[in-house]
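The block underneath contains the structure these notes are about, expressed in structure tokens.
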Amino acid sequence: MENQLYIYNTLDRKKELFVPLHAPSVGLYVCGPTVYGDPHLGHARPAITFDILFRYLTHLGYKVRYVRNITDVGHLENDADEGEDKVAKKARLEQVEPMEIVQYYLNRYHKAMDALNVLPPSIEPHASGHIIEQIQLVKEILDKGYAYESGGSVYFNVEKYNKDYHYGKLSGRNIEELLNTTRDLDGQQEKRKSVDFALWKKASPEHIMRWPSPWSYGFPGWHLECTAMSKKYLGETFDIHGGGMDLVFPHHECEIAQSVASTGHDSVRYWMHNNMITINGQKMGKSLGNFITLEEFFTGNHKMLTQAYNPMTIRFFILQAQYRSTVDFSNEALQASEKGFNRLMEAYNNIENLKVSGQSTVDINALKAKCYEAMNDDLNTPMVISHLFEAARIINSNIAGQTNLAQEDIPEIESLFKLFLFDLLGMKDELKDGNASYDAFAKAIDMLLEMRMQAKANKDWATSDKIRNELTALGFEIKDTKDGFEWKLNK
RNA sequence: GGUACCUUGGCCGAGUGGUUAGGCACCGGUCUGCAAAACCGUCUACGGCGGUUCGAAUCCGCCAGGUACCUCCA
């Protein structure tokens, strides 16, 4: 009964009780970023979604090995020559060094994830570091007869595979329909059927990322890395594979085919997919050119943004929707999230001001149970948040003298926030956390406000308002309370 | 064209048959030197049409609109 986690499995499109294969260990694999561009809001969704899962599974007592890959074997080609600088291009240092680009964007990705308080995964394998494993996997699939070589490239034989197994079990597609709808693409002539997909591709002269293989100097196919690396680090069968919904087909379908073709059985037990972030109702994505990078959110430096948003606002905004729903970006929605989160933080900071007042009129344990219930229901973070707002209302109304709390309620409220808001939802107080000089800073503000209290006592409204107005101009919000004052810094 | 999914009040978003989601915004009240915040209260809903049911936002059908995937994409 207690803490039975149900997760929605894309394989059968319903919520299932999560039972690990080898409790207490849990293997979790999530498709990570392709590091050829700045991370945008869309990248934050799966990172945060599976961060919540990682945190919750860990909290439930599982020992989670969380693997999130880095795709760095993209099809990078030399820039088209501009005519002028062909000589320069011959100098090695003047050429694009793919790993330099990878490193640059990977650093930026990590920085953004850190800002969003996304915990680092247990292993972050690079596709480029697992070429040997990928070549081995191609060999295995060839040996089993589900692939063929053609012109130095190797393709997966989807039709043959589909006779023995089921190609399309995840995405609900069938092969006839695919044969009719797949468009003509490069390399089509090498493939026997349009549905076949590349396991290994021979590099054309412009391709600068290339590795030796039994078939050609080339590079691994698009779907290979996840199959090879999940197998290496999590085993032939593991618990959960996650990623964005846009990866269901073809990427994850092909992963299944590759695993099954090489080992004869399924590798993934639960497939989880987060939905997209939309902008004006449309998917935010690189190909549509309608994305806003995380850095632009943090700085406010984008024409569609009316202000800067701190990373915790972005995180809270994402968590206010269930991960399988689309969430539509707008300044209005983000501002609502910002205010809502501030409300929770203020309530939390007010826990120290709670007053014991006889017979308790609230049931904190029931609230905690509801939070667990929501988490167990396929990570229903918006429900958890709504229960935390209920806790915030309890705190505020106690301070306003309208709700009675018993002594034992107070540590329970505090632990409710610590567990759900901070540990599991991964929110943090950006001003205080990791800020060694916060105490001195806070005392200086307190001192100013005490001077203001003195001025108020003397009915010196000019001085009192001057202090308040100038602090307000600096971004502080000053509140007078019955016993004194409260302040916070709006970032 | 095929497949899957979606359509909740001013905005964002929960909710899978009967009980208030929640946040933001708005309005009224309390408090306040003025404010701010907080508290209390009020108000806007379930795309359309049919059906099942004692009862549907929730199940079924049709219609309308939208999105995603089918091509690298979180």
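Naming convention: chains lettered A, B, ... in sequence-line order (proteins, then strands); numbering from 1 in each chain.
The listed nucleotides are B:C73, B:A25, B:A21; the one nearest the side chain of A:Lys339 is B:A25.
Relative to the ring axis of A:Phe485, A:Arg452 does not place its NZ or CZ within 45° and under 6.0 Å from the centre. The side-chain tip of A:Arg68 does not point at the ring of A:Phe50 from less than 6.0 angstrom away and within 45° of straight on.
Here B:C69 presents its C1' atom at 12 Å from CG of A:Asn275, a figure rounded to the nearest Å. If you measure from atom CG of A:Leu319 to atom P of B:C24, you get 17 Å, rounded to the nearest angstrom. In this structure, CD1 of A:Ile394 is placed 14 Å from C1' of B:G22, rounded to the nearest angstrom. Taking atom CZ of A:Arg324 as the reference point, atom P of B:A14 lies 10 Å away to the nearest angstrom.
To the nearest whole angstrom, the two C1' atoms, one in B:C24 and one in B:C34, are 26 Å apart. Atom name P, nucleotides B:C46 and B:A4: the rounded distance is 29 Å, in whole Å. Using C1' as the reference atom, B:A21 and B:A14 are 6 Å apart when rounded to the nearest Å. Of the C1' atoms belonging to B:U30 and B:A36, the separation is 15 Å, rounded to the nearest Å. Rounded to whole Å, the separation between the P atoms of B:A45 and B:C40 comes to 24 Å. For the P atoms, the distance linking B:A56 with B:G50 amounts to 14 Å, nearest Å. B:G61 and B:G13 have their C1' atoms separated by 29 Å, given to the nearest Å.
Counting distance only, with no hydrogens placed and no angle test, the side-chain atoms of A:Arg468 and the base atoms of B:A35 include a donor-acceptor pair under 3.5 Å. No N or O donor and acceptor, one from the side chain of A:Arg393 and one from the base of B:C39, sit under 3.5 Å apart. For A:Ser386 against B:G23, no side-chain N or O and base N or O form a donor-acceptor pair under 3.5 Å. Contact of A:Asp465 with B:G33 (side chain to base): a donor-acceptor pair of N or O atoms is detected under 3.5 Å.
The partner of B:G18 is B:C54, by the rule that a Watson-Crick or G-U pair needs both atom distances under 3.5 Å. The partner of B:A68, taking Watson-Crick or G-U wobble pairs whose two distances both stay under 3.5 Å, is B:U3. Look at B:C24: its Watson-Crick or wobble partner, with both distances under 3.5 angstrom, is B:G10. Pairing for B:C39 is with B:G29, a Watson-Crick or G-U wobble pair whose two hydrogen-bonding atom distances lie under 3.5 Å.
Note on A:Arg108 versus A:Glu295: salt bridge recorded, some NZ/NE/NH1/NH2 to OD/OE distance being below 4.0 Å.
With no hydrogens or angles considered, no side-chain donor-acceptor pair links A:Thr326 and A:Asp328 at under 3.5 Å. No side-chain donor-acceptor contact under 3.5 Å links A:Ser230 and A:Glu255.
Between A:Asn174 and the phosphate of B:U3, there is no side-chain N or O to OP1/OP2 separation shorter than 4.0 Å. Neither OP1 nor OP2 of B:U3 sits under 4.0 Å from any side-chain N or O of A:Ser171. A sub-4.0 Å separation between OP1 or OP2 of B:C69 and a side-chain N or O of A:Lys283 is present. Side-chain nitrogen and oxygen atoms of A:Arg343 include at least one within less than 4.0 Å of the OP1 or OP2 phosphate oxygen of B:A38. Contact between the side-chain N/O atoms of A:Asn396 and the OP1/OP2 oxygens of B:C39 is found at a separation under 4.0 Å.
As judged by a 4.0 angstrom heavy-atom cut-off over every strand, A:Gly42 is placed among the base-contacting residues. At a threshold of 4.0 angstrom between heavy atoms, the contacts of A:His273 with the nucleic acid are absent. If you check every strand for non-hydrogen atoms under 4.0 Å, A:Thr472 touches nothing.
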Next item on the list: Please lay out, stage by stage, how A:Lys191 and A:Tyr155 fare under the test side chain to side chain contact (heavy atoms under 4.5 Å, CB included).
Entry: CA-CA 7 Å; A:Lys191 292 197 226 175; A:Tyr155 293 93; 3.5 Å; yes
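How far CD1 of A:Ile314 is from OG of A:Ser337: 8.5 Å, rounded to the nearest 0.5 Å.
A stacking contact links A:Trp461 to B:G33: the aromatic ring centre lies within less than 5.5 Å of the base's six-membered ring centre, and the planes differ by less than 30°.
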